Amino acid sequence: MSALLSVENLGITFGGLRAVHDVSFSVKPGEILSVIGPNGAGKTTLFNMISGVYQPGSGKVVLEGQDVTGMRPDLLAHRGMSRTFQNLQIFQNMTVLENAIAGFHLTESGNLFADLLRLPGSRGRARTAHQGAMRLLERVGLEASAETNAGSLSYGKLKRLEIARALALSPKVLLLDEPAAGCNAVETEEIDQMIAEVAKSGVAILLVEHDMKMVMRISNHIVVLDHGEKIAEGDPATVSRDPAVIAAYLGTEAAEDADA
Amino acid sequence: MRLSHKTATLLVLIPLIVLAPIFFPSNFYYRVGSLIFINGLAVTGMVILIGYAGQISLGHAGFAGIGAYSCALMPVHWGIPPVAAAVLGAVISALLAWLVGRPILRLKGYYLAVATLGFGILVYMVLTNETWLTGGPDGMSVNDSGLRDMAEAVGIDLKNSQFWYWMCAIVLVIGVWLAMNLQDSPTGRALRAVHGSEVAARTVGVDVARYKLQAFVISAVYASVAGSMVALQNEFVTPDVAGYMHSIEWVTMTVLGGAGSVLGAIFGAAILTTLPQVLTAFAEYEQLLLGLIMMLVMIFMRDGLLPSIMRRIRGKDE
């Protein structure tokens with residue numbers, strides 16, 4: 001099968017600093033591709049370029065054969081790209097349910113006047129979004145908190161809420177930036193299963209994650225970044241044996257594991 | 001049974017409007033009441049802009065000026081009836097808000113505040129300086145709208161101040177109904193998403209610039225209609241209706257009462273409209289007390305008067 005999303009020689013510099021340089025890879029539908037690397041390796045920067053938050057300095061992002069480099073995030077959403085954030089971007093001024101409904105914006109939004117006058121069309125669309133949002137909240141185990149203000153949720157729950165909101169778009173490509181950060185072992189495993197299920201349904205998943213066990217367990221393909229450059233890629237077994245990777249990243253991690 | 005936000009708001013607002021006149025000792029109070037409703041209408045628009053979309057404007061009195069002078073000028077020059085002129089004025093305000101909003105709404109925070117302030121001052125200056133058209137600082141008279149005569153023809157015979165009390169109340173309730181519809185609608189959610197996190201709003205597909213512009217245009221229409229109501233009631237307008245102090249007052253009323261809630265903002269409008277009348281008893285200390293009250297509310301009730309009071313009441317219930 002051909003690639004759904006491919007990144008070609010992507011790069012960006014911040015005030016002379018090469019944050020990301022000449023990175024290429026591609027993801028197929030149903031595949032989980034993880035981007036790993038030490039702190040400051042440029043993983044989130046890479047995500048921000050792919051999702052249109054940053055304008056890449058060089059290179060291309062190709063989605064379903066079309067060049068979408070530097071396209072606005074809301075237009076990328078129309079084309080089937082969805083993402084979560086490392087440092088949580090929750091609508092704190094809304095309830096948990098409203099956050100999930102907001103994820104249905106593309107299918108829910110219509111005519112301003114229909115909304116002002118509360119016409120049946122507007123109400124119908126809102127009702128459909130409401131039902132879809134409730135199903136997603138059940139899926140991530142937040143249905144009991146539906147009417148709670150999102151600001152008062154625990155970190156782990158907010159992470160799951162963000163995933164639910166991203167899934168509401170029925171994306172073709174899903175970018176997950178550290179979905180398991182700050183979650184305990186049980187929660188991590190739940191998220192783990194959820195990601196695998198989503199991938200199985202044919203969504204291409206790009207994952208940035210620090211939990212190495214999780215990455216090794218669920219990834220089909222791994223791209224390793226260090227100082228903004230790709231130093232290795234391959235399946236989990238290949239990558240974990242790569243000397244350059246062990247030196248840059250897994251070395252310290254493996255040593256810690258051995259101590260424990 | 002749980003009441004929706006909209007039902008609850010209307011269930012509080014309408015009885016208050018209907019029952020208040022029982023306690024009015026004189027016709028003067030009807031006049032104060034209509035003033036509250038007009039300010040209430042403008043701040044309902046401000047809630048859509050500030051409370052829903054999280055944007056600021058210190059220039060919305062400019063749109064009130066356009067609404068007011070439309071009612072004054074169009075009947076004289078084009079022979080359009082004053083009420084139709086109010087509608088046309090709202091359309092002009094919407095178009096102007098759309099034109100001005102596109103470049104201005106790219107700005108954030110205090111940059112946006114200063115830019116909108118500039119717009120308001122611009123409208124005020126035009127109304128003051130184009131004496132040949134507007135009569136300048138002395139203002140101009142507005143033709144009788146004929147609304148009261150129409151009411152009389154169908155058997156509703158009210159004193160002028162009473163008539164406008166009810167007229168302004170009806171327009172306010174319609175305005176509140178629309179704003180409450182919007183709050184819980186797809187558009188309202190998109191606006192509040194922009195307020196909550198622009199980055200996240202974009203990633204769920206919200207065209208942030210477009211929704212900010214919508215909120216700006218809608219709130220401009222509210223301000224414009226409020227200005228028209230002033231003109232139709234007083235049958236006289238001066239450039240003061242577009243004065244930047246009014247813009248600042250509306251923002252203050254909105255934030256003081258509770259920017260997130262329509263009822264809160266109207267409560268803020270009621271307080272800041274009546275307080276100066278009450279404080280006149282303190283003569284030269286009036287402004288001082290007003291300023292002090294505003295500061296204390298913001299320090300101790302940051303969410304605004306009504307939301308803070310409601311939380312305290314609910315807290316005791318539990």
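Residue numbers start from 1 in every chain, and the chains themselves are labelled A, B, ... in the order their sequence lines are given, proteins ahead of strands. Computation of the quantities below employed the complete heavy-atom set of this structure, encompassing side-chain atoms and omitting hydrogens, waters and symmetry-equivalent molecules. Predicted, not measured: the structure shown is a model, and the values here were computed from it.
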Side chains of [X] and [Y], heavy atoms from C-beta outward: is any pair under 4.5 Å?
| X | Y | result |
| --- | --- | --- |
| A:Ile218 | A:Met214 | yes |
| A:Val53 | A:Arg83 | yes |
| A:Thr45 | A:Phe14 | yes |
| B:Ile271 | B:Leu305 | yes |
| A:Leu97 | A:Met134 | yes |
| A:Val61 | A:Met49 | no |

Is [X] close to chain B through its backbone or its side chain, or both, or neither, when contacts mean heavy atoms under 4.5 Å?
| X | answer |
| --- | --- |
| A:Arg118 | both |
| A:Ile90 | backbone |
| A:Leu169 | side chain |
| A:Arg72 | side chain |

Can you check whether [Y]'s main-chain N or O pairs, donor with acceptor, with [X]'s side chain at less than 3.5 Å?
| X | Y | result |
| --- | --- | --- |
| A:Glu178 | A:Glu209 | no |
| B:Gln55 | B:Lys212 | no |
| A:Ser34 | A:Ile36 | no |

Quiz item: Taking the inter-plane angle between the rings of B:Phe119 and B:Phe63 on a 0 to 90° scale, is it parallel (under 30°), tilted (30 to 60°) or perpendicular (over 60°)?
Solution: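 Ring orientation, 0 to 90° scale: tilted.
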
Practice problem: With chain A as the partner chain, list the residues of residues 189-199 of chain B whose heavy atoms fall under 4.5 Å from it, by residue number, and write 'none' if nothing qualifies. | Solution: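 So the qualifying residues are B:Arg189, B:Ala190, B:Arg192, B:Ala193, B:His195, B:Gly196, B:Ser197, B:Val199.
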
Quiz item: chain A contacts: which residues in residues 175-182 of chain B have a non-hydrogen atom closer than 4.5 Å to it?
Solution: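 Answer by number: B:Trp177, B:Leu178, B:Asn181, B:Leu182.
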
Practice problem: Count the heavy-atom pairs under 4.5 Å between each of A:Ala102, A:Ser51, A:Ser82 and chain B, then report the option with the highest count. | Solution: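 If we count pairs closer than 4.5 Å to chain B, A:Ala102 comes out on top.
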
Self-check item: Modelled atom types, side-chain donor and acceptor of A:Asn39 and A:His210, under 3.5 Å
Solution: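 Yes, A:His210 and A:Asn39 have a side-chain donor paired with an acceptor closer than 3.5 Å.
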
Practice problem: Using a cut-off of under 4.5 Å on heavy-atom pairs, state which of B:Gly188, B:Gly54, B:Ala201, B:Gly205 scores highest against chain A. | Solution: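 With the most close heavy-atom pairs to chain A, the winner is B:Gly205.
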
Practice problem: Show the numbers, then the answer: is there a side-chain hydrogen bond (donor to acceptor under 3.5 Å, both in side chains) between A:Thr44 and A:Gln86? | Solution: CA-CA 8 Å; A:Thr44 296; A:Gln86 182 185 6; 3.0 Å; yes

